[in-house]
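Notes follow the structure.
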Amino acid sequence: MGAYLLRRLLIAVPSLLGISLILFTVLAMAPGDPFSEMATNPNVPPEVREALRASFGLNDPIMVRYLRWLSNMVQGDWGFSFASRINVDDLILQRVPTTLFIVGSSQILALCIALPVGIYAATRPYSMFDQIANTLAFIGFSLPTFFTGLLLILIFSVTLDWFPFVYRSDIAATGWRWYWEMFRQAIMPITVLGLFQAASYTRYVRSAVLDVIRLDYVTTARAKGLSGQTVTLRHVTRNALIPVVTLVALQMPAVFGGAIVTEQIFRIPGIGSLLIDAILANDTPVIMAVTFVFACLVVLFNLIADILYGWLDPRISFS
Amino acid sequence: MKDQELGQLIARVKEGALSRRSFIKKAAAVGLAAPFANQLLAFNGVAMANATLPYKPTKAGGGGPLKMLLWQAPTLLNPHFASGTKDQIASRVFFEPLAGWDKDGNLFPQLAAEIPSRANGGLSADGKEVIWKLKQGVKWHDGKPFTADDAVFTWEYAADPATAAYTTGSYKDIKVEKIDSHTIKVIFQNSTPFWADAFVGVAGMILPKHLFADYKGAKSREAPTNLKPVGTGPYRFVEFKPGDILTAERNPDYHVANQPHFDTLEVKGGGDAVSAARAVLQTGEYDYAWNLQVEDEILKRMETGGRGKISAVPSGNIEFIMLNTTDPWTEVDGERSSIKTKHPTLTDPKVREAMNLLIDRDSIQKFIYGRGGTATASFVNAPAKFKSTKLKYEFNIDKANKILDEAGYKRGSDGMREKDGKKLKYVFQTSINAPRQKCQQIIKQACQRAGIDIELKSITASVFFSSDVANPDTYTKFYADMQMYTTTQPQPDPERFLNQFVSWEIANKQNKWLGRNVSRYTDKAADEAYTAAQKELDPDKRAALLIKVNEIFCEAHVIQPLLSRTAVAAAANNLFHDHSGWDSDTWNLAAWYRG
């Protein structure tokens, strides 16, 4: 086990280096520059623009800039944002709690819907319930989040006036009122994301359970005279959930990464919207840092998923 | 109007029963010019303060929260690093300049005790010195007094190239001296008729010396106060999350009596312009949203909700088309559109004249921009004294056809004109933006009817407006026959703005295409008029010279103005705000109130 972990970690290093090199080169070669807004403003003399480019090191060759970035990164210096001139790690840390709360809750909501619905549908395949669940799941993951988001805003904010559609990270209230306000503003984005995830999870859970439910040991369990509930929950679900757990683990980077489109629609100050703003402002250090963090998370959670898999399913060995 | 009636009117203004504006309107109806009517009020002891927004509340505070929504989120709060209007708006909440610009382009004192003039001895006869008297008794948010040292320091800070301030342009060529604790003198190298640049408006916000002194030059980025501002403004800093939200509270020691009205201020950022308008006009979640570049149709539909209204004020932005008189398709010495080349057909003034007749400005305004712009034939439109009255526009396809026929451009078998084998076939580029693409279509269709073939090209804004030397699609390289964009006249004075028409500013390979004259067209008369205007101290003569520069380019039809853009904002019905196209939206935030 230890040797396996070590091997995997050693493999991760060159792949992360490769990822960072590709990201950096693509970003450096992409058109646009962070000072475009100054270009049409006659009050900013061209020399100032040039001096800024030079002081931000934008005129050096790509390899020099990459090596500088890499050595700083190794020392824990993530660089600073061109747009707000503060350190990138501070900027990212400010966004993490909101993203974790919104995307995390939506994942929990998705699982709370997907598990019971998927399992129940699989135990009664092609029943009325299964058909309806399947159709809804299809609709659910066919509708993009920006569509359902706008639909909810139109219904619940504009027409009914129930919920606000602008998310505020600090609510000027305390105690129960704070929780109530938080609930009001978070319910729409969480629903949008949660239902979208739930739709794909439901189909996944259903097919995983269907695979297991036909196996001989389940028949044996039934033949022993165990109740239907016990068979489903203790014998079927436990085994069926092994691939589902892996799937959820692989989804974790997405939880940290936020939901770019949904964050934009509801103005949620999460990591996804940070990335979008940085891209629009050509704020390369921020884009680089955020995408690199995503890359690290993907590599890390892949490893965790593999380890979890082995731990849940003793048939798999790491040697 | 009898004297008695006038007296009664003035008395009503004093009581607050009649607004300044309606007084001036009534006075104008009987033939009194607005400046005169204004003076009349001043002589009668009605304060000049808040010329554009009468302030009703009788005590400071008690207004509850004010919530503003900027769809581009502020990312920093140091006004001298503010790269865009979003940051300027946010930093203006805390910092103030000596004077700001109101919506009619007049100076309004903020940290200055009065506006310098020849009469009060603030302006020297040779136009080389300005003396500013600073307001007494102003305190920074940390309780320290505001003095001339702070103003002098602000100049040192911004002028230092190592600071890399975006406002350097306003400070690098001047000298500032302290006369006494509340008087400073600004010294220019040459006579400078437009002196209200340093310490004024968006570039003029004063920084506290005691907090920034250690962070001048290369260390400027490390100043903790870049993100936790301490200023003199109407609201004090509470919390800031870059790219998300800014909160502030009322400054109880504000230097204007009874201001500000609101207890707390929240500036939320992010999202897009349409939903920002919706949050103010339809759901009423926010009180104010700025820079709503949204089609007027959509705004009108939202306004029917009755919760808010749109405010559009003139600004210095002009949407225009530029024709290329150099050849964008031939490379000379490593650059295209070089002034060493000549465009095969656009050098012919007749072709350019015909093109100008093919732009249906009225329809563009009516169907695309609505309240967002006013059709115009003049490059400079505001303030009114700099607008050319001579320039007129016309949409007339028959006339264009006639001109082209007379100039010898014959229609080929495909209906497109050519002369000596040179076809009237142009590439027309602009940035990607829905109204611009619609505009391109309208112009293309009209040109087709006159036998001119237009190929449309649209480029992502972040590329088109970048200064990336390696990219051929930037607007300053102008590797196309014609292009369209908006350019900004930042101050209510067009001198610096018109430097894009002078020969020494031509964008070329040598200056990495950073030159301001993108059209590359030059005219000796324009150069001369421009240099003369830079020294002319008589305001009327100077305006005439600057108008001449504008007219030379518009009459040569190299520059074809389309619309004078307005600054559009949405506000809740009960919010009284003071929105100016010449300064940040928050320039007079202290005087905002809820009625």
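None of these values were measured; they are calculated from a predicted model. In the text below, chain A, chain B and the rest are named by the order of the sequence lines, each starting its count at 1.
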Which bit of K268(B) comes within less than 4.5 Å of chain A, counting heavy atoms only: side chain, backbone, both or neither? side chain
Please report the closest heavy-atom contact between W71(B) and R267(A), naming both atoms and the distance. CB-NH2, 4.1 Å
Quick check: are there more than 12 heavy atoms from other residues, nucleotides or ligands sitting under 6.0 Å from CH2 of W504(B)? yes
With only heavy atoms counted, which part of Q94(A) is less than 4.5 Å from chain B, the side chain, the backbone, both or neither? side chain
Atom CZ of R68(A): over 12 foreign heavy atoms under 6.0 Å: yes
Given that the side chain runs from C-beta out, which part of A276(B) has a heavy atom under 4.5 Å from chain A: side chain, backbone, both or neither? both
Please look at I86(A) and chain B and tell me whether the side chain, the backbone, both or neither of the residue comes under 4.5 angstrom of a heavy atom of that chain. both
Pairwise side-chain contact, S275(B) with I265(A), heavy-atom cut-off 4.5 Å (strictly under): no
Considering only heavy atoms, which portion of F464(B) lies under 4.5 Å from any heavy atom of chain A: side chain, backbone, both, or neither? neither
Which atoms of E222(B) come close to chain A, meaning under 4.5 Å heavy atom to heavy atom: side chain ones, backbone ones, both, or neither? neither
Do you know which two heavy atoms are closest between D244(B) and R95(A), and how far apart they sit? N-NH2, 4.2 Å
Side-chain donor-acceptor pair present, R278(B), S157(A), cut-off under 3.5 Å: no
Tell me, for T460(B) versus chain A, whether the close heavy atoms (under 4.5 Å) come from the side chain, the backbone, both or neither. neither
Identify the heavy atoms of D161(A) and R307(B) that sit nearest to each other, and give their distance. OD2-NH2, 2.9 Å
Can you check whether K67(B) reaches R168(A) side chain to side chain, under 4.5 Å on heavy atoms? yes
Please find the pair of heavy atoms, one from G243(B) and one from D277(A), that lie closest to each other, and give the distance. O-OD2, 4.1 Å
So S81(A) and T75(B), do their side chains get closer than 4.5 Å, heavy atoms only? no
Would you mind checking which part of L69(B) comes under 4.5 Å of any heavy atom in chain A, side chain (CB onward), backbone (N, CA, C, O), both or neither? side chain
